[in-house]
Amino acid sequence: MTPRQTRAQRLAMPLARDVVRNLAVTHGGCVHPVQLRRTDLDTGQTEQVLVPCGHTLATVCPSCAERAKALRAAQCREGWHLDAEPIITPAAPDDEQRMWVEHRAQTQQQRDHADTAGQDTSELDELAAELDEQITRSGVRGNVLPARPARRHRSTRRRQDAPDLPRRPVAPRTIGKTYTAPDGTTFRPSMFLTLTCDSYGKVTADGTPADPAAYDYRRAARDPLHFAALFDRLIQNLRRLVGYDLQYFAAIEPQKRLAPHAHVAIRGTVSRAELRQVLAATYHQVWWPPAGQVKHDDANLPVWHEPSGRYLDPATGEFLPAWDDALDAIGPDDGPLHVARFGAKFDAQGVLAGSRDSARCIRYLTKYLTKGLADCHRATTAAQQDHADRLIAALRYEPCSPGCANWLRYGIQPRNPREGMRPGRCTGKAHRRDHLGYAGRRVLVSRKWSGKTLADHRNDRRQWLLETLGILDTDPARYTWEPVTPGDPDHMPPARRLLHVVADRQKWHAALTEARARASGQHSSDLPAGKAA
Ligand SMILES: [Zn+2]
Ligand SMILES: [Zn+2]
């Protein structure tokens, strides 16, 4: 007979759910696997397959995040010191990628039919957005629907206070210069670069403003919103200056003061003087309508006019100027809404292939990738908390995009207006506390970096595993795949899926250990990327 337990003793026992989750994580298994149904076209048999969720944040799925980070490190390593031009041959899409794109196509058609019939499309739009995310996570580059082109390109207008840069034609090569030492050995140095945003006011050692009242929170909010465009501009300028198709691998992270900065691995080198020159000449002008004067506060919001699908001024009953009209109203004497620039301070060091420095820099570049932006520097003092609060408050009413609900506050109808838009409640990622104004990608990699996508690097890893385990790759034409949804009779609830993950990983781990023991001379250092599949 089991002895009677006290309540405290029972509470001290591990919770079954947590044990399963911990086991899954220990074994490198995904904690939110996606359930797919695989049908063998020859036999008609169906099988349940659990595919990793592919999230990059450890708070969502530690195993997938760790795997993604390892793949990024492999990608960074492979591209940094290439000494031959990478050959770009996009891989053929795999079954999973094809399946998501097929579902996306069906969803688009349903959505467009519903739209033509005058029905509400919001649910289908949401589904399409979710599928787009799945498509990206499965390793497909770009979007199935191209973003609508902007109507005008005013941002090329040159500012008077920015020095001109020499513009050389950009040769198609991507490999930097080779140097020969007196003893005849050749080497090809690369670079590790850290770029920061401009100053918004003096900060103390803990990253908080010395004088919060004097700190420019408006610019501190606008710079991250446009940081990705600024970075693009920098690369363009660098390429023109060096005269070849310079390649980079960049990680975007916040500094302690919560402004974004970029760690950049660059193939080849640029002199400090050239860097200084490019940084001084690089700016991004935001040609948006004015957003300085509040025309409609929360007590006085524009009103949705259903028949026209537009917003009205509550006082005059007139239509608000539409986004495109507001853009047209920007005159030749008006300035841009914002000019984003990098700070003058930067850090640059030369790095040689295979050196300890190179390994250290790669660790540095990928260090925070499994964390959300806001989690990189958690506030531990009241001053840090206040600083974060003030930045989020400044971001709240800042327009994040042409479609941002905040435009209503400044008397302009956002692009693609919908009913129920409310300033201060825009759902754009940039406004969220965990994004700190930056909604772009955390890793920016140029196209000819390693010549491989993340999916290619993942596939390298898979091929290695299949070979090690002595498994033949399955014939893709033999199966069809479909996602299993909660209404389906074979749908597995999350708890059951997790048990399957643990069992699968154990089997797989045992097989791998055995295969390794069998193969003589095979060391774990042969693993191309990461410690788990
Ligand atoms: Zn996962
Ligand atoms: Zn917004």
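Values reported hereafter were calculated over all heavy atoms of this structure, with side chains retained and with hydrogens, waters and symmetry mates removed. Indexing begins at 1, ligand by ligand and atom by atom, following the structure's order.
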Task: Metal proximity, His32 vs the Zn ion (ligand 1), N/O/S cut-off 2.8 Å - done: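 Given the 2.8 Å cut-off, His32 does not count as a ligand of the Zn ion (ligand 1).
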- [ ] May I ask you to check if any N/O/S atom from Cys61 comes under 2.8 Å of the Zn ion (ligand 1)?
- [x]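 Here the distance criterion (N, O or S atom, under 2.8 Å) is met by Cys61, so yes.
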Open item on the list: Between Arg98 and Asp94, does any NZ, NE, NH1 or NH2 come within less than 4.0 Å of an OD or OE carboxylate oxygen?
Closed with: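 Not counted as a salt bridge, because no side-chain N and carboxylate O are separated by less than 4.0 Å.
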Task: Carboxylate-amine/guanidinium proximity below 4.0 Å for Asp389 and Arg433 - done: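 Looking at Arg433 together with Asp389, the answer is yes, because their closest N to O distance falls below 4.0 Å.
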TODO: Nearest 10° is fine: what angle sits at the Zn ion (ligand 1) between SG from Cys64 and SG from Cys53?
DONE: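 It is 110°, given to the nearest 10°.
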TODO: To the nearest 10 degrees, calculate the angle at the Zn ion (ligand 2) involving SG of Cys400 and SG of Cys404.
DONE: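 Answer comes to 120°, rounded to 10°.
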- [ ] Please confirm whether the backbone N or O of Asp40 pairs with a side-chain atom of Arg478, one donor and one acceptor, at under 3.5 Å?
- [x]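 No, the answer is negative, given that no donor and acceptor are paired below the 3.5 Å cut-off.
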Open item on the list: Ring of Tyr479, cation from Arg38 - is the NZ or CZ under 6.0 Å from the centre and inside 45° of the axis?
Closed with: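 Yes; both conditions hold, so Arg38 lies above the ring face of Tyr479.
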